[in-house]
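Below is one structure, written out as structure tokens; comments come after it.
Please read these numbers as outputs of a predicted model, since none were measured by experiment. Count residues from 1 along the sequence. No hydrogens, no waters, no symmetry mates; every other heavy atom, side chains included, goes into these values.
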Amino acid sequence: MAVRFWLTGTLIFRLLALSAGAAWSVSSSETEKGAAAGVEHRRVVLIETASGEKTSLEVALFSPKSVVVRVADNPAGDEDLAAVMKRTRGLAGVNGGYFDPQNAPVGLLISDGKLIAPFRKARLLSGVLLSAKGRVELLRAGEYSSRKSATTALQCGPFLVDGGKAVTGLNDTRPARRTFVFTAADRAAIGYCSTVTLAELADILVASGFDVHRALNLDGGSSSAFWFAGEHGVFSIPEQKALRNFVVITAK
């Protein structure tokens, strides 16, 4: 028996783009200075060549020497990102890592020098965000050692970009809101991306013009949130559910 499939024009373009390797280019970019020196907000709109599909990045760029990167824990789940930013006098922030139905963190979590949850070996938890002594590092899980001195650590994944190249084998069928952290030559960033797949996000970050060296995916979907204190006021994309932790940038 013959089986026929009817595809919409958008889906056909999307499948062709995926099979050929989607090519993204920057359509526009806007910059706003932060409320403190060393931090800026960059909004970048990118377009996919084959389909004309557009997506946007909201990125908080910072110098690790000028600010402090923290993981703010929220064990009771009673604070949203906006409340945490107010409490910590944050300059920028996003949601953090994974957590289970009982709101327990999944994977390594060190907040303000305190070990809250241990390192775990799991396919999804392929990377670790570390911050200590004015440095921000993104490590593969196999590169992490508990002997490393870190005041902040968050295990998450998957890895999106490594060595300036998109990681292969990422999921390309489940689009969702995304958040991420990346490192470049002398700066780092936290950010939010409108609805895309993991594979698309990796390609987008490589094409974004930020010279991304390494990038790590954070908990996405309804957890995705972004907050930035700009010179003209606050820009905020709220999360859609209660969260366990947040990555927060504060002044030294």
Side-chain angles (χ1 to χ4, degrees), residues 26 29-44 46 56-72 81 84-97 110-113 127-140 143-144 148-156 159-165 178-193 201-202 204-218 225-237 245-252:
V26 174
S29 179
E30 301 175 47
T31 301
E32 179 188 15
K33 292 182 180 179
V39 186
E40 68 179 35
H41 175 202
R42 193 84 57 85
R43 175 179 294 123
V44 180
L46 298 98
S56 61
L57 294 175
E58 305 291 346
V59 176
L61 288 161
F62 59 90
S63 166
K65 296 180 180 179
S66 303
V67 300
V68 177
V69 179
R70 300 174 55 194
V71 175
L81 177 57
V84 168
M85 298 305 295
K86 183 177 181 180
R87 173 171 60 82
T88 62
R89 297 183 180 181
L91 303 173
V94 291
N95 61 287
I110 299 176
S111 176
D112 295 331
V128 179
L129 163 66
L130 288 182
S131 176
K133 299 178 180 178
R135 293 196 311 163
V136 172
E137 295 180 89
L138 293 178
L139 302 179
R140 288 281 192 176
E143 298 170 344
Y144 173 74
K148 283 183 173 287
S149 175
T151 55
T152 292
L154 181 69
Q155 188 179 5
C156 210
F159 241 76
L160 299 167
V161 178
D162 199 359
K165 297 181 180 180
R178 306 287 177 187
T179 50
F180 54 85
V181 55
F182 72 67
T183 55
D186 59 350
R187 57 186 178 174
I190 53 176
Y192 167 97
C193 186
L201 179 56
I204 287 165
L205 290 174
V206 170
S208 64
F210 291 116
D211 193 22
V212 176
H213 175 61
R214 277 185 160 179
L216 183 67
N217 183 62
L218 299 174
F226 179 86
W227 193 100
F228 186 88
E231 59 180 346
H232 302 303
V234 169
F235 175 82
S236 176
I237 300 173
N245 51 65
F246 306 87
V247 179
V248 177
I249 311 302
T250 62
K252 283 193 171 182

Practice item. Flag yes if more than 12 heavy atoms outside Lys252 fall under 6.0 Å of its NZ atom; otherwise flag no. Key: yes
Check your understanding: Looking at side-chain heavy atoms only, is the closest gap between Ile190 and Phe246 below 4.5 Å?
Key -> no
Study note, to complete from the structure: Correct closest heavy-atom pair for Ala153 and Leu130 would be CB-CD2, 3.4 Å
Practice item. Give the minimum heavy-atom separation between Ser66 and Gly38, together with the two atoms involved. Key: CB-CA, 4.3 Å
**Study point:** Salt bridge present between Lys33 and Glu40 (N-O < 4.0 angstrom)
**Key:** no
Check your understanding: Hey, what do you get for OH (Tyr144) to CG (Leu138), rounding to the nearest 0.5 Å?
Key -> 14.0 Å
Exercise for review: I would like to know whether Phe226 and His41 meet side chain to side chain contact (heavy atoms under 4.5 Å, CB included); could you show each step before the answer?
Suggested key: CA-CA 11 Å; Phe226 179 86; His41 175 202; 4.0 Å; yes
Check your understanding: Do Val69 and Val247 come within less than 4.5 Å of each other through their side chains, counting heavy atoms only?
Key -> yes
Check your understanding: Can you check whether Thr152's main-chain N or O pairs, donor with acceptor, with Ser131's side chain at less than 3.5 Å?
Key -> no
Review point. Do Met85 and Val234 come close enough that some side-chain heavy atom pair is under 4.5 Å?
Key: no
Review point. Are Arg43 and Phe235 in a cation-pi setup, meaning NZ or CZ lies under 6.0 angstrom from the ring centre and within 45 degrees of the ring axis?
Key: yes
Review point. Does the side chain of Phe62 reach to within under 4.5 Å of the side chain of Val136, using non-hydrogen atoms?
Key: yes
Review point. Which atom pair, heavy atoms only, marks the closest approach of Ala72 to Val248?
Key: CB-CG2, 4.0 Å
Check your understanding: Under the side chain to side chain contact (heavy atoms under 4.5 Å, CB included) criterion, do Asn95 and Leu81 qualify, and how do the steps go?
Key -> CA-CA 7 Å; Asn95 61 287; Leu81 177 57; over 6 Å; no
Exercise for review: Report yes or no: does Thr183 contribute a side-chain atom to a donor-acceptor pair with the main-chain N or O of Glu137 at less than 3.5 Å?
Suggested key: no
Review point. What's the spacing between Ile237 CD1 and Phe228 CZ if we round to 0.5 Å?
Key: 13.0 Å
Study note, to complete from the structure: Rounded to the nearest 0.5 Å, the CG atom of Leu218 sits from the CG atom of Leu129 at a distance of 7.5 Å
Exercise for review: Supply the atom-to-atom distance Leu160 CG to Asn217 CG, rounded to the nearest 0.5 angstrom.
Suggested key: 5.0 Å
Check your understanding: Between Asn245 (side chain) and Gly97 (backbone), is there a donor-acceptor pair under 3.5 Å?
Key -> yes
Exercise for review: Mind listing the closest non-hydrogen atom pair of Ala150 and Ala132 along with its distance?
Suggested key: CA-CB, 3.8 Å
Practice item. Verify side chain to side chain contact (heavy atoms under 4.5 Å, CB included) between Val59 and Phe180, making sure each step is shown before the conclusion. Key: CA-CA 9 Å; Val59 176; Phe180 54 85; 4.1 Å; yes
Practice item. State the CD1-OG distance between Ile249 and Ser63, to the nearest 0.5 angstrom. Key: 11.0 Å
Practice item. Return yes when atom CZ of Arg89 has more than 12 non-hydrogen atoms of other residues, nucleotides or ligands closer than 6.0 Å, and no otherwise. Key: no
Exercise for review: Evaluate side chain to side chain contact (heavy atoms under 4.5 Å, CB included) for Leu61 paired with Phe210, printing each intermediate quantity in order.
Suggested key: CA-CA 9 Å; Leu61 288 161; Phe210 291 116; 3.6 Å; yes
Check your understanding: Which atom names give the shortest non-hydrogen contact between Ile204 and Cys193, and what distance separates them?
Key -> CD1-SG, 4.4 Å
Check your understanding: Measuring from Leu139:CG to Arg214:CZ, what's the distance to the nearest 0.5 Å?
Key -> 6.5 Å
